[in-house]
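Structure first, commentary second.
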Amino acid sequence: MLGVLVTAFEGPGALVVGELPEPEAHEGQVLIDVEWAGVVFPDVLQTRGEYQTRPELPFVPGWEVSGTVRTDGAGFRAGDRVAALPVTGGFARTAAVDASMVFPLPDNVDTRRGAALPLNYLTAHFALVHRGALRPGEVVLVHGAAGGVGSAACQLAEAYGARVIAVVSTDEKARLALSVGAHHVVRADGFLDAVRTLTDGRGVDLVIDPVGGDRFRNSLRSLRHGGGRLLVLGFAGRGIPTVKVNRLLMMTNTSVLGVGMDEYWRQEPEAARAQWRELWPLLRSGRLDPPISSVFPLDQASAALRHLDERKALGRTLLQIGA
């Protein structure tokens, strides 16, 4: 089969495209004929060996895919349309995925959009519902709102009845954020003052931060007193911020919470499918609809990863593999 290999931890430019042996589905796995693969920031990190878990070289990258099930087994039937999270192995014509990470697609969701759903929407759901304890009527500030996880967080928070303030850096990103449910957009430069104005000085209830870096301190300052929560999802801005814990006291009972999907799913193997069931009504209704702006063929996987790494992507970037 045609696939992509990481042979050295030298970044997106070092990917090799070629013929590979097909994977075999072991007990409890589902063999998927891949049509589309989502391109996500953890893929970029894995090409450099910078992700929390480092696969042994060589390996096939690719966190999320969509396609059709090849054979009956593990609760699925041949021909079922699915999205899945292989974590590695997705940038290839065929992937073997643990059944706990395979998700049926509603009839109204095609496989193209299906590939853009699992990682970002399950992450946003875990962040907002499980870690952030979001309640209807609360105000949510979303950094990186035109990116994959940011746009998913905007859309899901709006669907759950929150008022959403999106942080963006350009007019184009502002338009995308508004299209996925943000009620207000503010620029990254000076976002703290803008948030204070929009909330009449009260601050926000929840901050979704997949960016990190030098925004972190002002994100803390943007929280309301007496229960504001800042959720750390990642560090797309490359800087890992630090916080002196006495600041949490000075800011009157605010919280900083980590959102670690990998660890959660390792500890609770059935959790991802339970989350998918919770999202199912919103998927069927069309409320969750990932914005896809860039599509690359499989043999341009390096270019797709560079596109994301250089922060040129709006919404989601996909690889077309077998569709």
Does the side chain of V97 reach to within under 4.5 Å of the side chain of L85, using non-hydrogen atoms?
no
With no hydrogens and no angle check, do the side chains of T111 and E35 hold a donor and an acceptor under 3.5 Å apart?
yes
Would a hydrophobic clustering, with Ile, Leu, Val, Met, Phe, Trp and Tyr connected at side-chain separations under 4.5 Å, put L288 with L314?
no
State, yes or no, whether a side-chain contact exists between P210 and F41 at a heavy-atom distance under 4.5 Å.
no
Check: V65 and P86 side chains under 4.5 Å, non-hydrogen atoms:
yes
Treating Q155 as the side-chain partner and D289 as the backbone partner, does any N or O pair qualify as donor plus acceptor under 3.5 Å?
yes
Taking every heavy atom of L198 against every heavy atom of R163, the minimum-distance pair comes out as O-NH2, 2.8 Å
Verify side chain to side chain donor-acceptor pair (under 3.5 Å) between W280 and Q275, making sure each step is shown before the conclusion.
CA-CA 9 Å; W280 186 262; Q275 288 181 264; over 6 Å; no
Neighbour count above 12 (heavy atom, 6.0 Å) for E27 CD
no
Please answer whether the main-chain N or O of A78 pairs with a side-chain N or O of D72 as donor and acceptor at a distance below 3.5 Å.
yes
Does a side-chain heavy-atom distance below 4.5 Å link D80 with P104?
no
Are more than 12 heavy atoms, taken from residues, nucleotides or ligands other than E278, located less than 6.0 Å from that residue's CD atom?
yes
I'd like to check V164 versus V142 (side-chain heavy atoms, cut-off strictly below 4.5 Å). Are they in contact?
yes
Answer with yes or no whether the side chains of H225 and R202 bring together a donor and an acceptor at under 3.5 Å.
no
Quick check: does any side chain N or O of T317 sit under 3.5 Å from a backbone N or O of A313, one acting as donor and the other as acceptor?
no
What heavy-atom pair brings L319 and A304 nearest, and what distance separates the two atoms?
CD2-CB, 3.8 Å
Step by step, would you call I165 with T199 a side-chain contact (heavy atoms from CB on, under 4.5 Å)?
CA-CA 10 Å; I165 303 174; T199 61; 4.3 Å; yes
Could you tell me whether a side-chain N or O of D98 sits under 3.5 Å from a main-chain N or O of S100, the two making a donor and an acceptor?
no
Looking at E64 and R316, is there a salt bridge between them, counting it only when a charged N and a carboxylate O are closer than 4.0 Å?
yes
Which distance, rounded to the nearest 0.5 Å, do you find between the CD of E10 and the CG of L15?
10.5 Å
Is the F191 ring parallel, tilted or perpendicular to the H143 ring (thresholds 30°, 60°)?
perpendicular
So which atom in A301 and which in V4 form the shortest heavy-atom distance, rounded to 0.1 Å?
CB-CG2, 3.9 Å
Determine yes or no for a side-chain-to-main-chain donor-acceptor pair under 3.5 angstrom, with Q29 supplying the side chain and H26 the backbone.
yes
Distance-only side-chain donor-acceptor flag, E158 / H183, under 3.5 Å
no
Give a yes or no on whether L176 and V40 share a hydrophobic cluster (residues Ile, Leu, Val, Met, Phe, Trp, Tyr; joining criterion: side-chain heavy atoms under 4.5 Å apart).
no
Would you name the heavy atoms of A272 and L122 that are closest together and state the gap between them?
O-CD2, 4.0 Å
Give me the atom names and distance for the closest heavy-atom approach of S302 to P12.
OG-O, 2.7 Å
Going by heavy atoms in the side chains, are L2 and L20 under 4.5 Å from each other?
no
Counting only heavy atoms not in R187 (residues, nucleotides, ligands), do more than 12 fall under 6.0 Å from its CZ?
yes
Between F91 and W63, ring centroids under 6.0 Å:
no
Quick one: does R224's side chain have a donor or acceptor within less than 3.5 Å of a partner on D205's backbone?
no
May I ask you to decide if R229's main-chain N or O and T254's side chain share a donor-acceptor pair within less than 3.5 Å?
no
Say whether, by atom type as modelled, one donor and one acceptor occur between the side chain of R284 and the main chain of L279 under 3.5 angstrom.
no
Shared ILVMFWY cluster between I208 and L178, side chains joined below 4.5 angstrom?
no
Could you check whether any side-chain N or O of D110 sits under 3.5 Å from a backbone N or O of R113, counting only pairs where one atom can act as donor and the other as acceptor?
yes
Quick check for you: to the nearest 0.5 Å, what is the distance between L31 atom CG and R70 atom CZ?
4.5 Å
Is the closest basic N to carboxylate O distance between R266 and E263 below 4.0 Å?
yes
I'd like to know if the side chain of E138 and the backbone of R135 have a donor-acceptor N/O pair within less than 3.5 Å.
yes
Interatomic spacing from CZ in R221 to CG in L230 - rounded to 0.5 Å
13.0 Å
Which atom of T88 lies closest to which atom of P55, heavy atoms considered:
CG2-CG, 3.8 Å
Decide side-chain contact (heavy atoms from CB on, under 4.5 Å) for R48 and F9; before the verdict, give the C-alpha distance in whole Å, the side-chain angles of both, and the deciding distance to 0.1 Å.
CA-CA 4 Å; R48 297 195 179 99; F9 292 123; 5.5 Å; no
Tell me whether the rings of F103 and W276 are parallel (<30°), tilted (30 to 60°) or perpendicular (>60°).
parallel
Any chance you could measure T47, atom OG1, to L45, atom CG, to the nearest 0.5 Å?
7.5 Å
Check the hydrophobic clustering (I, L, V, M, F, W, Y; side-chain heavy atoms under 4.5 Å; chains of links allowed) and say if V149 and L305 are grouped together.
yes
Quick one, L308 with V39, criterion side-chain contact (heavy atoms from CB on, under 4.5 Å). Give me CA distance, side-chain angles, the key distance, then yes/no.
CA-CA 8 Å; L308 193 66; V39 181; 4.1 Å; yes
Determine whether H184 and V139 satisfy the following criterion, side-chain contact (heavy atoms from CB on, under 4.5 Å), listing intermediate values before the conclusion.
CA-CA 11 Å; H184 313 277; V139 182; over 6 Å; no
Distance check, rounded to the nearest 0.5 Å: S66 atom OG versus L318 atom CG?
8.0 Å
Side-chain heavy atoms of Y51 within contact of D43, under 4.5 Å:
no
Side-chain contact test, heavy atoms from C-beta onward, threshold under 4.5 Å: evaluate it for T68 versus I32 and give yes or no.
no
CG/L231 to CG/L141 distance, rounded to the nearest 0.5 angstrom?
11.0 Å
In terms of hydrophobic clustering (I, L, V, M, F, W, Y; side-chain heavy atoms under 4.5 Å; direct or indirect links), are F126 and Y160 co-clustered?
yes
